[in-house]
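Inspection log for the structure reproduced underneath, given as C-alpha cells.
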Amino acid sequence: MYFLPIIIKSRIKEIIAESLSYDPDFSDIKPETVIKGADRKTWRKPDIQALWKGKLRVAFEVQLSTTFLEVIAQRRLFYKAENSLVCWIFRKFEKENALMTQDDIFHNNNQNLFLASEDTLKSSKQNKGLMLNCHWHEPKINHNNILKEWNSKYVKFKELEYDIDKQAIYYFDFKKEHLKLSNKLE
C-alpha cells in the first residue's frame, strides 16, 4: 500500500501536464524541474511548472497528504521572491473531513481550492484550456448572519484571479463578497 500514494501523485502530475498541453496560454511545461532562487542557494522542485502567457511562471504542487504549515509558508515565500505563483492541487476534497493542509491552503487562496482528476483532464481537452475543479465558500445572509455555503464548479485557469504578493489564486472572491454583505448588514 505504500506505493499507492506515489502512483496516485504520479498520475495527478501527468493529468496536470497533459491538461496544460491543451491550453495555448501555457508554454514551457516542465515536470519536476528545479527552479533556482535568485541567490542561487535556494531552490524548489515543483511537480509541474509552466509559463502562463509567456510571462508568469506557475508552479503546480500536488498535495495528497498533510504537510507542515512551515513548508507551505516557505514555498509561498520562495515563489513570491521569484515573482512566480504557486498553485496547489489536490486529488480529492471532503468538506467534513478536510486535511489541515487543505484548510491552510484554502484560507490563503481566498477560501478556494483546486482539484485535478481524469474528469478535469477530459474537460481540459474539450475546452482547449487547463480546467480545474474549484471548491469555494460563498457567504450568504441568513437571518442577519453571514453563513458560508459550499460551491464548486469546473473553471478554466484563465478565469482565475491571482495575487503574487499574497501567493493567492482563486475563482470566487470570498473576501470582497463577505465585506459587501457585512456592509449591507450594518
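Since the model is a prediction, treat every value here as computed from it, not as a measurement.
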Query raised in the report: For H135 and F106, what are the C-alpha separation, side-chain angles and deciding distance, and is it a ring-ring contact (aromatic ring centres under 6.0 Å, His included)?
Result: CA-CA 9 Å; H135 292 255; F106 175 73; 9.4 Å; no
Query - Aromatic centroids of W88 and Y79 separated by under 6.0 Å - result: no
Query raised in the report: Do the side chain of K140 and the main chain of E149 share a donor and acceptor less than 3.5 angstrom apart?
Result: no
Query - Donor-acceptor pair, side chain of E61 and main chain of V86, under 3.5 angstrom - result: no
Report task. Check for a donor-acceptor pair, side chain of S19 on one end and backbone N or O of A17 on the other, with a separation under 3.5 Å. Result -> no
Query - Test side chain to side chain contact (heavy atoms under 4.5 Å, CB included) applied to D165 - qualifying residues, sequence neighbours left out - result: K80, D163
Query raised in the report: Is a side-chain N or O of R57 found less than 3.5 angstrom from the main chain of N83, in a donor-acceptor match?
Result: no
Query raised in the report: When hydrophobic residues are tied together by side-chain contacts of less than 4.5 Å, even through go-betweens, does I105 share a cluster with F78?
Result: yes
Query raised in the report: Tell me, do K148 and Q111 make a side-chain contact under 4.5 Å, heavy atoms counted?
Result: yes
Report summary line: Between the CD1 atom in I141 and the NZ atom in K180, the distance rounded to the nearest 0.5 Å is 10.0 Å
**Report entry** Test item: C134 and W136 side chains (from C-beta on) under 4.5 Å apart, heavy atoms
**Finding:** yes
Requested in this report: Using the salt bridge (Lys or Arg N to Asp or Glu O under 4.0 Å) rule, collect all pairs that involve residues 13-25, keeping only residues at least two apart or in two chains.
Outcome: R11-E14, K13-E32, K13-D47
**Report entry** Considering all heavy atoms, the nearest G37-E82 contact
**Finding:** CA-OE2, 3.2 Å
Query raised in the report: What is the distance from atom CD1 of I16 to atom OG1 of T120, rounded to the nearest 0.5 Å?
Result: 8.0 Å
Query raised in the report: Does L130 belong to the same Ile/Leu/Val/Met/Phe/Trp/Tyr cluster as Y22, with side-chain heavy atoms less than 4.5 Å apart forming each link?
Result: yes
Requested in this report: Quick one: pull up OG in S27 and NZ in K53 and give me the separation to the nearest 0.5 Å.
Outcome: 12.0 Å
Query raised in the report: Ignoring hydrogens and geometry, is there a side-chain-to-backbone donor-acceptor pair from N112 to N110 under 3.5 Å?
Result: yes
Requested in this report: Drop me the distance from Q167's CD to S84's OG, to the nearest 0.5 angstrom.
Outcome: 8.0 Å
**Report entry** Least distance between heavy atoms, I29 atom then S21 atom
**Finding:** CD1-N, 3.7 Å
Query raised in the report: What about L121 and I12, same hydrophobic cluster or not, with Ile/Leu/Val/Met/Phe/Trp/Tyr joined at side-chain heavy-atom distances under 4.5 Å?
Result: yes
Report task. Report the residue from V58, N109, L132 that forms a side-chain contact (heavy atoms from CB on, under 4.5 Å) with I169. Result -> N109
Report task. Apply salt bridge (Lys or Arg N to Asp or Glu O under 4.0 Å) to the pair K30 and D28, showing each step before the final yes or no. Result -> CA-CA 6 Å; K30 298 177 184 174; D28 201 24; 3.6 Å; yes
Report summary line: Separation between NZ (K166) and CZ (R76), nearest 0.5 Å, reads 10.5 Å
**Report entry** Joint hydrophobic cluster, Y154 plus F172, side-chain heavy atoms closer than 4.5 Å
**Finding:** no
**Report entry** Expected output: side-chain S123 to main-chain D119 donor-acceptor under 3.5 Å
**Finding:** no
Query raised in the report: If Ile, Leu, Val, Met, Phe, Trp and Tyr residues are connected whenever their side-chain heavy atoms lie under 4.5 Å apart, and connections chain through other members, are I89 and L51 in the same group?
Result: no
Report summary line: Exactly one candidate in F157, F60, Y162 meets ring-ring contact (aromatic ring centres under 6.0 Å, His included) with W52; the answer is F157
**Report entry** side-chain contact (heavy atoms from CB on, under 4.5 Å) evaluation trace for D173 with E161
**Finding:** CA-CA 8 Å; D173 193 338; E161 300 289 328; over 6 Å; no
Report task. Can you measure from CG (L113) to NE2 (H137) and round to the nearest 0.5 angstrom? Result -> 9.5 Å
